[in-house]
Amino acid sequence: MLTFEAARKLILDSVSPCGVERVEILQSLGRTLAEDIVAPWNLPASDNSAMDGYAVVSADCREPGSLEVIGSIQAGGVINSVVITGCAIKIMTGARIPPGCDAVVPVEETEEQNSFVYIKEPVRKGQHIRLRGEDVREGETVIPVGTTIRAPEISMLASCGRVFVPVFRRPRVAILSTGDELVELGEPATPGKIINSNAFSLAASVREAGAEPIILGIARDNREDHRIKMREGLKADVLITSAGVSAGDYDHVRDVLEELGVDQKFWKVAMKPGGPTAFGMKDGKPVFSLPGNPVSTMVTFEIFVRPALLRMMGRQRVIRPTMKVTLAEEVRKKTGKVQFVRLLIDQDGRGFRGRSSGDQNTGILKTMLMADAMAVLPAGESLFAAGSEVDAILLREDAGMLEG
Ligand code: AMP
Ligand code: MG
């Protein structure tokens with residue numbers, strides 16, 4: 001049977017970025033840059049002062065002495081006349097260095113007397129001057145394609161005069177729940193029925209990943225309903241179905257996807273939860289068929305769908321890192337499949353310590369809410385002693401954060 005790593009590689013090799021759009025700069029936050037950003041000018045644009053003080057000719061100031069103050073320049077101001085020997089110009093931080101000057105003396109190292117300034121210390125040529133282009137050279141690639149845009153990238157984009165930014169488009173992700181037992185949220189759950197919660201957990205996960213969820217509702221357990229709603233779903237960039245993917249009498253997902261011409265790449269993965277997960281492609285669009293148990297749905301989304309959506313949004317880095325966690329108590333599993341075990345995490349000063357968040361049954365949703373991380377326990381082993389180290393994927397953005 002396929003390992004989850006091999007299945008994920010197969011998925012990532014099948015999908016590609018969705019296309020490019022230009023968005024207003026602040027809308028680009030969290031998106032992936034779709035083109036290299038090339039600096040249209042130097043930054044700083046001209047030599048300018050790093051301090052409040054006096055712009056001087058350094059050759060005049062090898063020793064302490066007085067200079068005549070012939071003008072003043074503030075940030076944003078311009079002085080075009082050349083400053084000659086024996087003279088200084090009062091200058092504020094960020095102001096352009098007047099022509100002829102080649103150093104700035106901080107105000108703290110001077111004394112102003114009438115229209116003269118006394119320079120107390122010898123001056124070094126170039127001191128306290130920020131040079132034109134010292135940060136960025138005109139024509140330099142300042143942000144490469146594929147970069148995730150955060151505040152520092154926004155700062156650089158704005159400094160380069162970008163009002164609009166080319167980013168990869170967000171995939172539209174159709175979410176289809178299947179099952180006769182389902183009722184929509186807000187409807188009464190009569191005996192035997194359960195609320196279609198997967199639609200919302202999937203939509204939330206899609207949105208968290210930065211893509212756009214479209215909830216299609218429920219396909220009842222008959223082929224005709226599956227056919228109609230899956231056709232609708234295939235109009236989006238990605239289709240995710242939940243449940244109906246096992247071998248039960250009322251599981252139609254497999255047959256109908258085949259009928260609709262979806263090229264199925266796999267039907268099962270050696271993992272727990274999430275074994276009955278399927279993946280296929282139709283006209284360049286990925287189709288994920290996830291198992292219906294809410295925990296299995298979320299785990300398989302995390303392992304397979306999220307990386308695929310990130311890749312479709314142009315990301316290079318799509319797989320969350322694992323970290324080493326020391327087990328605070330023994331964990332057992334069956335051999336044969338990788339198991340994802342929900343963990344509570346705390347820090348003991350030497351690193352992360354983890355213990356089970358409780359009942360690991362796929363039907364138990366509560367222990368998923370409690371989990372800070374998911375241990376990835378290898379297929380071949382069954383006993384993980386207290387004190388042993390395991391790999392874990394952090395699930396909670398604030399895991400390990402300190403209260404302040
Ligand atoms: P199935 O694979 O169709 O047998 O579904 C497995 C189990 O997942 C069902 O027995 C339900 O308990 C649960 N389930 C299926 N679909 C949903 C859904 N949309 N929301 C919440 N739970 C679901
Ligand atoms: Mg079902």
Side-chain angles (χ1 to χ4, degrees), residues 1-2 4 7 173-209 213-230 232-233 236 238-260 262 264 266-280 287-306 337 339-340 342 358-371:
M1 224 200 294
L2 204 57
F4 85 90
V173 183
I175 296 165
L176 180 61
S177 306
T178 72
D180 280 347
E181 76 275 36
L182 301 178
V183 295
E184 292 295 11
L185 179 61
E187 288 174 5
T190 48
K193 306 289 183 191
I194 59 167
I195 293 169
N196 175 16
S197 62
N198 283 347
F200 291 92
S201 80
L202 285 171
S205 301
V206 165
R207 192 175 287 175
E208 233 168 32
I214 304 164
I215 295 179
L216 291 183
I218 300 164
R220 296 303 173 191
D221 285 331
N222 64 75
R223 283 193 173 209
E224 183 54 20
D225 209 24
H226 275 54
R227 205 177 289 131
I228 293 168
K229 286 172 178 145
M230 284 179 174
E232 184 63 29
V238 178
L239 171 60
I240 305 175
T241 68
S242 87
V245 79
S246 311
D249 288 349
Y250 300 95
D251 293 338
H252 299 295
V253 169
R254 182 172 191 162
D255 291 344
V256 176
L257 286 175
E258 214 150 273
E259 194 188 307
L260 294 176
V262 176
Q264 286 302 327
F266 62 79
W267 279 107
K268 253 188 182 353
V269 184
M271 65 191 277
K272 191 178 174 342
T277 298
F279 170 72
V287 179
F288 296 91
S289 310
L290 307 184
N293 272 307
V295 172
S296 312
T297 310
M298 281 183 269
V299 170
T300 50
F301 183 95
E302 167 60 33
I303 300 298
F304 300 121
V305 186
R306 190 172 180 276
K337 290 178 182 176
Q339 189 167 339
F340 295 94
R342 289 154 253 169
D359 191 336
Q360 295 292 323
N361 208 299
T362 49
I364 305 298
L365 180 57
K366 205 164 61 188
T367 53
M368 188 74 190
L369 272 68
M370 293 160 65

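Positions are given from 1 along the sequence. In each ligand, atom 1 is the first atom listed, and ligand 1 is the first ligand listed.
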What part of Ile218 sits under 4.0 Å from ligand 1 if we count only heavy atoms: the side chain, the backbone, both or neither?
neither
Given Thr241, Asn196, Ile175, identify the one with the heavy atom nearest to atom 19 (N) of ligand 1.
Asn196
Give the table of side-chain donor-acceptor pairs shorter than 3.5 Å for residues 266-278, with sequence neighbours excluded, one pair per line with atom names and distance.
{"from": "Thr277", "atom 1": "OG1", "to": "Gly274", "atom 2": "O", "distance (Å)": "2.5"}

Is it true that Ile195 lies under 4.0 Å from ligand 1, counting heavy atoms only?
yes
Do the side chains of Lys193 and Glu187 get close enough for a salt bridge, i.e. N-O under 4.0 angstrom?
no
What residue and atom, counting heavy atoms only, is the protein's closest point to atom 13 (C) of ligand 1, and at what distance?
Gly292 O, 3.4 Å
Flag the pair Val295 / Arg342 as yes when at least one side-chain heavy-atom distance between them is below 4.5 Å, and no otherwise.
yes
Looking at atom 9 (C) of ligand 1, what's its closest protein heavy atom, distance included?
Glu181 OE2, 3.5 Å
Does an N or O from Gly244, backbone or side chain, lie closer than 3.5 Å to an N or O of ligand 1?
yes
Restricting to heavy atoms, the pick from Leu365, Leu290, Asn198 nearest atom 20 (N) of ligand 1 would be Asn198
Closest non-hydrogen protein atom to atom 21 (C) of ligand 1, residue and atom name please, with distance?
Ser197 OG, 3.3 Å
Check Lys229 with Glu232, please: is the shortest side-chain N to carboxylate O separation under 4.0 Å?
no
Would you mind running through ligand 1 and noting each atom that sits below 4.0 Å from a heavy atom of Ile194?
11 (C), 12 (O), 14 (N), 22 (N), 23 (C)
Among protein heavy atoms, which sits nearest to atom 5 (O) of ligand 1, and what does the distance come to when rounded to 0.1 Å?
Ala243 CB, 3.7 Å
Test your reading of the model: is there a side-chain donor-acceptor pair from Asp221 to the backbone of Asp180, 3.5 Å cut-off?
yes
By ring pair (Phe, Tyr, Trp, His ring centres under 6.0 Å), which residues pair with Phe301, not counting sequence neighbours?
none
Are Val173 and Ile214 close enough that some pair of their side-chain heavy atoms sits under 4.5 Å apart?
no
Considering only heavy atoms, which of Val183, Asn293, Val253 lies nearest to atom 6 (C) of ligand 1?
Asn293
Of all the non-hydrogen atoms in the protein, which one sits nearest to atom 4 (O) of ligand 1, and at what distance?
Asp251 OD1, 4.5 Å
With side chains defined as the heavy atoms from C-beta onward, is the minimum distance between Leu202 and Pro213 less than 4.5 Å?
no
So the atoms of ligand 1 within less than 4.0 Å of a heavy atom of Pro294 turn out to be 21 (C), 22 (N)
Indicate, as side chain, backbone, both or neither, the part of Pro276 found under 4.0 angstrom from ligand 1 when only non-hydrogen atoms are considered.
neither
Near Ser177, which atoms of ligand 1 are under 4.0 Å from a heavy atom of that residue?
19 (N)
Is the NZ atom of Lys366 crowded by more than 12 outside heavy atoms at less than 6.0 Å?
no
With distance as the sole test, does Ser205 use its side chain to make a donor-acceptor pair with the main-chain N or O of Ser201 at under 3.5 Å?
yes
